[in-house]
Enquirer: 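Below is the structure I would like to discuss, written out as structure tokens.
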Amino acid sequence: MPERSPLVRGMRDLYAEELASIRIVESVFGDTLKSYGYEHIRLPTMERTALFSRGIGESTDAVAKEMFSFDDETDSLSLRPEGTASCVRAVIDANMYRGNQPKLWYVGSMFRHERPQLGRYREFYQVGAEAFGFNGPDVDAELIRIVQDVWERLEVNEEITLEVNSLGNTASRIRHRDALVEYLEGYREDLDADSQKRLELNPLRILDSKNEHTQQIIERAPNMSDYLDDESKRHFDEFQERLVRFDIRATMNPRLVRGLDYYTHAVFEWNTERLGAQKQVGGGGRYDGLCELLGGAPCAAAGFAIGVDRVALLRNELGLSTPSYTPDVYVLALSDDEDEYARQVAAQLRTTSSYSVRVHQGGGKVKARMRAADRSGARIALIIGAQEAASNQVSLKWLRINREQVTVPVTDLPTTLLNSN
RNA sequence: GUGGAUGUAGCUCAGUGGUAGAGCCCCGGAUUGUGGUUCCGGCUGUCGAGGGUUCAAAUCCCUUCAUCCACCCCA
């Protein structure tokens with residue numbers, strides 16, 4: 001026998017309930033974003049590696065350790081580890097924000113070379129939204145309100161908590177960073193190995209450390225909120241006021257820093273306790289400097305990204321799993337002689353109704369045909385024997401409810417079905 | 001990337017050196033124009049892969065792949 005080709009690590013075939021769950025999450029996001037006036041954008045899966053190293057940050061784990069990169073003829077290319085950098089690039093390329101304030105959303109696979117676990121895959125799905133050209137925190141708060149709408153529609157809002165923080169503008173960030181490094185230098189030897197490395201590369205991330213000893217040191221570290229200048233403070237105060245007005249419950253977490261470098265001002269994360277170690281279901285914030293950093297004109301911007309797989313898993317965890325696709329109607333002949341007539345009935349029904357109609361194929365005895373109808377999941381079986389075929393009729397049988405079978409002329413089928421719900 | 005657990009039929013799993021099993025599923029019959037219940041019968045396997053030890057390996061050893069858990073990271 002020829003050798004089988006095994007699935008690549010961290011990749012999945014998605015089908016049945018699992019896919020149905022994912023599609024529900026994606027479509028609710030899509031519908032909700034559309035209702036807020038966001039426009040759909042489809043972005044490429046591959047970009048130049050430089051876009052991510054510049055945009056996301058050379059020292060972030062996502063870029064430094066987790067990208068699928070390879071050399072093409074002239075450039076290093078990478079599978080996208082997230083969507084924001086591509087979206088910003090697209091906006092710059094098309095000059096979308098010249099005299100305009102684009103609001104965009106996207107959905108698609110992202111790739112990170114991590115050790116897989118439940119809720120963590122090498123190819124995973126994100127929905128994201130980005131708004132360009134808005135300075136005020138009203139957009140930031142609206143982004144959160146959009147996501148909150150989605151949580152409610154997906155019935156997961158009780159299981160998801162929101163944390164917020166402000167990183168301030170660039171000037172504030174630098175002042176805080178300097179103070180933080182100075183403080184942490186005093187404890188350099190006491191920090192865990194990872195944190196020691198980050199002291200040079202990305203000191204803010206040390207605030208995020210789960211190491212207990214490091215956490216003790218962080219307890220007394222300089223707080224970002226003490227370094228915010230007036231502009232940053234005003235921005236964040238207004239942001240929080242909006243959240244209250246938008247009926248959003250959020251917890252202030254002064255140590256929330258986000259893993260990607262481009263954030264400024266308001267940042268936020270959605271977490272759940274229901275998925276083990278994979279707590280985070282989404283995150284976002286403002287990134288006013290990114291457009292300029294990627295070679296575009298300066299442009300205020302804010303956005304979020306949601307882990308679709310994790311939200312779908314959460315729904316399953318809560319018993320909200322979505323039934324996979326099933327046909328509405330199963331048309332079966334009782335013997336090969338009526339198969340052609342059955343096919344015609346099915347074809348006709350597809351054009352006169354919006355039902356999904358499956359017709360029996362593969363022959364078999366009556367018992368096998370009926371069993372196939374049952375197993376298809378269809379609500380209704382249309383049974384065609386010699387009598388029906390001879391008189392242009394079909395027998396309609398409800399497979400899921402207790403109701404008497406009826407025999408009707410084919411021409412009456414659409415109305416009979418309509419009245420049968 | 002680090003540490004650990006697991007991998008046997010389509011599914012859930014038992015089997016710890018001596019002929020590969022159970023339940024569910026599936027197929028057939030009872031019931032040749034009616035599925036889902038019941039009864040009877042039947043099929044189903046590279047024991048994740050490769051190598052080694054042994055008269056003999058699903059079982060012991062090595063390597064490798066995958067999944068899961070924690071770390072890490074993030075969505």
Side-chain angles (χ1 to χ4, degrees), chain A residues 1-12 22 25 29 56 60-67 80-84 107-128 147 160 192-195 197-198 202 205 208-212 257-260 269-272 275-284 304-314 330 332-335 337-338 360 364-389 395-402 404-405 407:
Chain A
M1 245 206 303
E3 229 176 89
R4 291 193 190 182
S5 185
L7 195 60
V8 173
R9 180 171 226 196
M11 302 289 139
R12 295 165 296 157
I22 280 174
V25 174
F29 264 105
I56 302 172
T60 59
D61 282 23
V63 168
K65 307 186 209 162
E66 297 167 2
M67 277 211 294
R80 58 183 177 187
E82 55 107 55
T84 299
V107 58
S109 347
M110 307 297 161
F111 300 83
R112 291 187 201 172
H113 195 278
E114 291 192 278
R115 190 132 156 192
Q117 227 169 286
L118 188 72
R120 184 166 84 180
Y121 311 101
R122 289 187 173 185
E123 179 179 19
F124 60 100
Y125 298 87
Q126 281 191 346
V127 168
V147 175
I160 291 177
D192 60 277
D194 275 340
S195 295
K197 264 181 252 160
R198 288 194 181 125
N202 202 342
R205 291 274 313 288
D208 233 0
S209 172
K210 279 189 205 161
N211 181 288
E212 262 184 50
V257 296
R258 307 285 301 139
L260 312 178
E269 285 181 3
W270 290 274
N271 296 294
T272 179
L275 298 178
Q278 263 53 54
K279 290 186 183 348
Q280 196 174 323
V281 294
F304 66 76
I306 304 294
V308 171
D309 309 271
R310 290 183 184 175
V311 179
L313 277 170
L314 175 58
Y330 195 96
L332 68 140
L334 292 177
S335 79
D337 296 339
E338 296 89 36
H360 182 80
K365 296 188 177 171
V366 174
K367 184 179 174 121
R369 289 165 187 254
M370 284 302 298
R371 195 161 40 212
D374 182 41
R375 211 152 31 209
S376 76
R379 282 166 31 244
I380 288 164
L382 295 182
I383 302 167
I384 294 159
Q387 290 167 28
E388 287 88 346
S395 290
L396 192 158
K397 176 172 178 133
W398 285 268
L399 295 171
R400 312 294 155 205
I401 54 172
N402 200 0
E404 202 173 339
Q405 180 173 322
T407 301

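Every chain is numbered from 1, with letters handed out A, B, ... down the list of sequences. Just so we're clear, the structure is a prediction, and the values are computed from it rather than from any experiment.
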Enquirer: Roughly how many Å apart are B:rC47 and B:rA22, using the C1' atom of each and rounding to a whole number?
Expert: 15 Å
Enquirer: B:rU59 and B:rU8: how far apart are their P atoms, nearest whole angstrom?
Expert: 13 Å
Enquirer: Using atom P of each nucleotide, how far apart are B:rC65 and B:rC74 to the nearest Å?
Expert: 26 Å
Enquirer: Determine the Euclidean distance between corresponding C1' atoms of B:rG41 and B:rA57; express it in Å to zero decimal places.
Expert: 34 Å
Enquirer: Looking at A:R122 and A:P116, would you say the former's side chain and the latter's main chain have a donor-acceptor pair under 3.5 Å?
Expert: no
Enquirer: Go through the structure and list residues passing side-chain hydrogen bond (donor to acceptor under 3.5 Å, both in side chains) with A:R205, not counting sequence neighbours.
Expert: none
Enquirer: Using the C1' atom as the point on both nucleotides, what is the distance between B:rU2 and B:rA58, in whole Å?
Expert: 30 Å
Enquirer: Who pairs with A:E388 by side-chain hydrogen bond (donor to acceptor under 3.5 Å, both in side chains), at least two apart in sequence or on another chain?
Expert: A:S395
Enquirer: With A:R369, which residues qualify under side-chain hydrogen bond (donor to acceptor under 3.5 Å, both in side chains), at least two apart?
Expert: A:D336, A:D339
Enquirer: Considering every strand shown, what is the Watson-Crick or G-U wobble mate of B:rU16 when both distances are under 3.5 Å?
Expert: none
Enquirer: Mind checking if A:G83 touches a base, just sugar-phosphate, or nothing, with heavy atoms under 4.0 Å?
Expert: nothing
Enquirer: Given the C1' atoms of B:rA56 and B:rG17, what is the spacing between them in whole Å?
Expert: 8 Å
Enquirer: With rounding to whole Å, what would you report as the distance between B:rC61 and B:rA5 at their P atoms?
Expert: 12 Å
Enquirer: Using the test side-chain contact (heavy atoms from CB on, under 4.5 Å), find all partners of A:E66 that sit at least two apart in sequence or belong to another chain.
Expert: A:D61, A:A62, A:R112, A:E114
Enquirer: Please list, chain by chain and in numerical order, all residues satisfying side-chain contact (heavy atoms from CB on, under 4.5 Å) with A:V107, sequence neighbours excluded.
Expert: A:E26, A:H40, A:W105, A:V127
Enquirer: One character per nucleotide, please: for nucleotides 69-75 of chain B, 5' to 3', B when the base has a protein heavy atom closer than 4.0 Å, S when only the sugar-phosphate does, - otherwise.
Expert: BBBBBBB
Enquirer: For A:L313, which of A:T272, A:L118, A:V308 qualifies under side-chain contact (heavy atoms from CB on, under 4.5 Å)?
Expert: A:L118
Enquirer: Apply side-chain contact (heavy atoms from CB on, under 4.5 Å) to A:R115 and list each qualifying residue two or more places apart in sequence or on a separate chain.
Expert: A:R9, A:R120
Enquirer: Considering non-hydrogen atoms only, spot the tightest contact between A:G385 and A:L334 and give its length.
Expert: CA-CD1, 3.8 Å
Enquirer: How far, in whole Å, is B:rU37 from B:rG21 if one measures between their C1' atoms?
Expert: 28 Å
Enquirer: Does A:R9 place a side-chain N or O at less than 4.0 Å from the phosphate oxygens OP1/OP2 of B:rC65?
Expert: no
Enquirer: Taking pairing as Watson-Crick or G-U wobble with both contacts under 3.5 Å, can you name the mate of B:rA70, or confirm there isn't one?
Expert: B:rU2
Enquirer: Under 3.5 Å for both donor-acceptor distances, Watson-Crick or wobble: does B:rU34 have a partner, and if so which one?
Expert: none
Enquirer: Between protein and nucleotides 33-37 of chain B, what N or O pairs are separated by less than 3.5 Å?
Expert:
unit_1	atom_1	unit_2	atom_2	d
B:rG33	O6	A:Q387	N	2.8
B:rG33	O6	A:Q387	NE2	3.3
B:rG33	N1	A:E388	OE1	2.8
B:rG33	N1	A:E388	OE2	3.3
B:rG33	N2	A:E388	OE1	3.4
B:rG33	N2	A:E388	OE2	2.5
B:rU34	O2	A:K397	NZ	3.3
B:rU34	N3	A:Q405	OE1	3.1
B:rU34	N3	A:Q405	NE2	3.1
B:rU34	O4	A:Q405	NE2	2.7
B:rG35	O2'	A:D374	OD2	3.4
B:rG35	N7	A:K397	NZ	3.4
B:rG35	N1	A:L399	O	3.2
B:rG35	N2	A:D374	OD1	2.9
B:rG35	N2	A:L399	O	2.8
B:rG36	O4'	A:D374	OD2	3.2

Enquirer: Without decimals, in angstroms, what is the distance between A:R122 CZ and B:rC65 C1'?
Expert: 12 Å
Enquirer: Restricting to side-chain contact (heavy atoms from CB on, under 4.5 Å), what partner residues turn up for A:D194, sequence neighbours left out?
Expert: A:D192, A:K197, A:R198
Enquirer: Sort out the partner of B:rC43 for me: Watson-Crick or G-U wobble, both distances under 3.5 Å, none otherwise.
Expert: none
Enquirer: Using Watson-Crick or G-U wobble geometry with both distances below 3.5 Å, tell me the partner of B:rA49, or none.
Expert: B:rU63
